[in-house]
Protein chains: 2
Amino acid sequence: MSSVCLVERLKKGGYRITPQRQEIINCFGSGGKHYSAEEIHQEIKNKFPNVSLDTVYRNLNTMRELGIIEALNFEDGKCRYELAGENSHHHHLICIRCGMSEELDFCPLKFLDSSLLRDKKFTVERHSFELYGYCSSCTGSKREVK
Amino acid sequence: MSSVCLVERLKKGGYRITPQRQEIINCFGSGGKHYSAEEIHQEIKNKFPNVSLDTVYRNLNTMRELGIIEALNFEDGKCRYELAGENSHHHHLICIRCGMSEELDFCPLKFLDSSLLRDKKFTVERHSFELYGYCSSCTGSKREVK
DNA sequence: TGACTAATAAGAATTATTCCTATCTAAATA
DNA sequence: TATTTAGATAGGAATAATTCTTATTAGTCA
């Protein structure tokens, strides 16, 4: 999804394209990293030294509500965000030593017998599946760093 | 795993069995609920009105290090804890309306092609897999409550 | 009994996130 | 163009889960 398209979707949602919003969108433009709000804030401060962390959170939440981005939970106490493409559903490998995260092209829902859920009368809205361990650089020195 | 056994494992780890610890263990004795630290704290205060929340956290972490309990992340901003039995690996259904959580007897790792990870040289230590949605009581009135 | 160490209570500190409020600004209107 | 209005922002306060600090207490062992 191009950043032009993101701007369109914000506008369609009735939101203004402020310089701060444009800059948040630019952050995502440059590839598949999984930034935390704090990291995005640091990045944006290069252009807008006075931008508040609240503005970052507020806009990330707005974009999440519009389905433009997704919030990821890597169980380290903070949210990370990534672009939500149309056909880009995926999960992650997360290194518990260096924090690296990588996308994984495997979704367990395909293998879950749906009769299991039907019996329980449970309606699935979303799911998590993340693998935690040591990436190629960190295997060998396996000591989890907090 | 009986609570007697839990006490044994704490002792083997070089830890004392204080009344507070005994009481935390008792909380888990009564079945498969997924308590938060705050809930355990409330429960224990019935017997020890002065017990501190810090004591609960400290001991939950100790028990986690010993592998006696496991921390669950239901993405609602707080940890939940459950007994870690030997053959009891499982995942969860979590209702995003009422908070109900139920165990699910399905593990996606069985279906993940291990060559995928071998290629990436990633060593898996643990994984998450949780289904979020509406339980049988909450289907019908689908409005997520924060 | 005395010394040593683990464990505790109480409250302060930390961290991620959200809320509040006064100000600002872009768009709509007159 | 000047005015109005609603959306957005900065800054700082508030919140909530968790951890840290410190002084005190209580087992354990010599």
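Note on naming: letters A, B, ... go to the chains in the order of the sequence lines (proteins, then strands), and numbering restarts at 1 for each one. Side chains included, hydrogens not; waters and symmetry mates left out as well; all remaining heavy atoms used.
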Item checked: Residue met sooner reading DNA chain C from 5', once A/K78 and B/G14 are mapped to nucleotides ->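 Residue closer to the 5' terminus by nearest nucleotide: B/G14.
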
Which nucleotide in the list [options] gets nearest to the side chain of [X]?
X	options	answer
B/A37	C/dT17, C/dA7, D/dT18	D/dT18
A/R16	D/dA8, C/dT17, D/dT9	D/dA8
A/T55	C/dT18, D/dT9, C/dT25	D/dT9
A/N50	C/dT8, C/dT17, D/dA10	D/dA10
B/S52	C/dA10, C/dT17, C/dA27	C/dA10
A/D54	C/dT18, C/dT8, D/dT9	C/dT18

Give the rounded distance in Å between these two atoms: [atom1] of [X] and [atom2] of [N].
X	N	atom1	atom2	value
A/Q20	C/dT23	CD	P	19 Å
B/Y57	C/dA9	OH	C1'	16 Å
B/I17	C/dA6	CD1	P	15 Å
A/Y35	C/dT17	OH	P	17 Å
B/E75	C/dT17	CD	P	13 Å
A/E39	C/dA16	CD	P	10 Å
B/I40	D/dT18	CD1	P	11 Å
A/L10	D/dA8	CG	C1'	13 Å

Notebook entry, point to check: Can you list every ring pair (Phe, Tyr, Trp, His ring centres under 6.0 Å) pair that touches residues 81-103 of chain A, not counting sequence neighbours?
Noted result: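 Those involving residues 81-103 of chain A are A/H34-A/H92, A/F74-A/H92, A/H89-A/H91, A/H89-A/H127, A/H90-A/H92, A/H91-A/H127, A/H91-A/F129.
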
Check: Relative to B/Y132, does A/R126 satisfy both conditions: NZ or CZ under 6.0 angstrom from the six-membered ring centre, and within 45 degrees of the ring's axis?
Finding: yes

Checklist line | Qualifying residue for side chain to side chain donor-acceptor pair (under 3.5 Å) with B/N59, from B/R64, B/R21, B/Q20 | finding: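 Considering B/R64, B/R21, B/Q20, a side chain to side chain donor-acceptor pair (under 3.5 Å) with B/N59 is found only for B/R21.
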
Can you see if the side chain of [X] gets near the phosphate of [N] - specifically, an N or O under 4.0 Å from OP1 or OP2?
X	N	value
A/R58	D/dA8	no
A/S36	C/dA16	no
A/N61	C/dT18	yes
A/T18	C/dT25	no

Check: Can you list the residues that meet the salt bridge (charged side-chain N to carboxylate O under 4.0 Å, His left out) rule with A/K11, with sequence neighbours excluded?
Finding: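 A/K11 satisfies salt bridge (charged side-chain N to carboxylate O under 4.0 Å, His left out) with no residue once adjacent residues are dropped.
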
Notebook entry, point to check: Quick check, are the ring centers of B/F106 and B/F111 under 6.0 angstrom apart?
Noted result: yes

Next item on the list: Would you mind telling me which residue lines up with the more 5' stretch of DNA chain D, B/E38 or A/P49, judged by nearest nucleotide?
Entry: A/P49

